[in-house]
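All remarks here apply to the structure that follows.
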Amino acid sequence: MEAVKEPLLLLEIEKELAGPDAHDALVRYDAVLVALGRRLEAALKAGLPPDEFPKAEALMDANTIARKILRLTVRVDGEARKA
């Protein structure tokens with residue numbers, strides 16, 4: 001059942017990012033990603049067990065990519081609506 005809910009959530013996010021309040025949605029979702037990035041940075045600075053460090057680094061990279069994709073999604077949709 002969980003697999004069914006997740007795609008619907010992603011579709012809802014996509015609709016928000018393509019809608020008239022796209023900027024507000026961008027700010028809200030980006031704030032979540034920024035908070036995650038800060039927690040990851042704090043964990044990395046505090047020190048992690050050696051086997052956890054690569055996982056945290058990979059998550060940090062994924063978080064950075066997610067923020068970039070979020071911005072590109074809003075910008076591309078925004079430009080498409082203006083055309």
Side-chain angles (χ1 to χ4, degrees):
M1 195 74 174
E2 201 61 34
V4 173
K5 290 181 183 179
E6 193 127 354
L8 292 176
L9 178 60
L10 290 175
L11 288 174
E12 291 171 14
I13 291 171
E14 286 183 66
K15 286 179 185 176
E16 281 186 78
L17 293 173
D21 297 323
H23 180 72
D24 294 338
L26 167 70
V27 170
R28 191 172 61 253
Y29 291 118
D30 193 53
V32 171
L33 295 171
V34 167
L36 173 61
R38 287 184 182 145
R39 290 195 311 266
L40 284 166
E41 286 176 7
L44 289 170
K45 285 180 183 176
L48 294 171
D51 60 326
E52 294 296 320
F53 190 81
K55 295 175 191 174
E57 276 190 322
L59 187 54
M60 191 70 143
D61 290 343
N63 189 51
T64 300
I65 292 167
R67 291 188 70 207
K68 289 178 181 181
I69 290 171
L70 184 63
R71 284 183 171 72
L72 286 171
T73 300
V74 172
R75 183 170 39 199
V76 168
D77 284 346
E79 288 175 7
R81 281 194 308 262
K82 291 177 188 175

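Quick caveat: nothing in here was measured; it's all calculated off a predicted structure.
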*Separation of Glu14 CD from Leu9 CG (nearest 0.5 Å)*: 10.5 Å
*Mind checking the CG-CG spacing from Asp24 to Leu17? Nearest 0.5 Å is all I need.*
11.0 Å
For [X] against [Y], the heavy-atom pair lying closest together:
{"X": "Leu70", "Y": "Asp30", "answer": "CD2-N, 3.6 Å"}
{"X": "Ile13", "Y": "Tyr29", "answer": "CG1-OH, 3.4 Å"}
{"X": "Met60", "Y": "Gly37", "answer": "CE-O, 3.7 Å"}
{"X": "Leu44", "Y": "Ala56", "answer": "CD2-CB, 3.8 Å"}

_Trace of the salt bridge (charged side-chain N to carboxylate O under 4.0 Å, His left out) decision for Glu52 with Lys55_ = CA-CA 5 Å; Glu52 294 296 320; Lys55 295 175 191 174; 3.5 Å; yes
*Answer yes or no: is there a side-chain heavy-atom contact under 4.5 Å between Val74 and His23?*
no
*Mind checking whether Leu33 and Leu26 sit in one hydrophobic cluster, side chains of I, L, V, M, F, W, Y counted as touching below 4.5 Å?*
yes
*Is Ile65 isolated, or which residues cluster with it under the ILVMFWY side-chain rule of less than 4.5 Å, directly or via members?*
Ile69
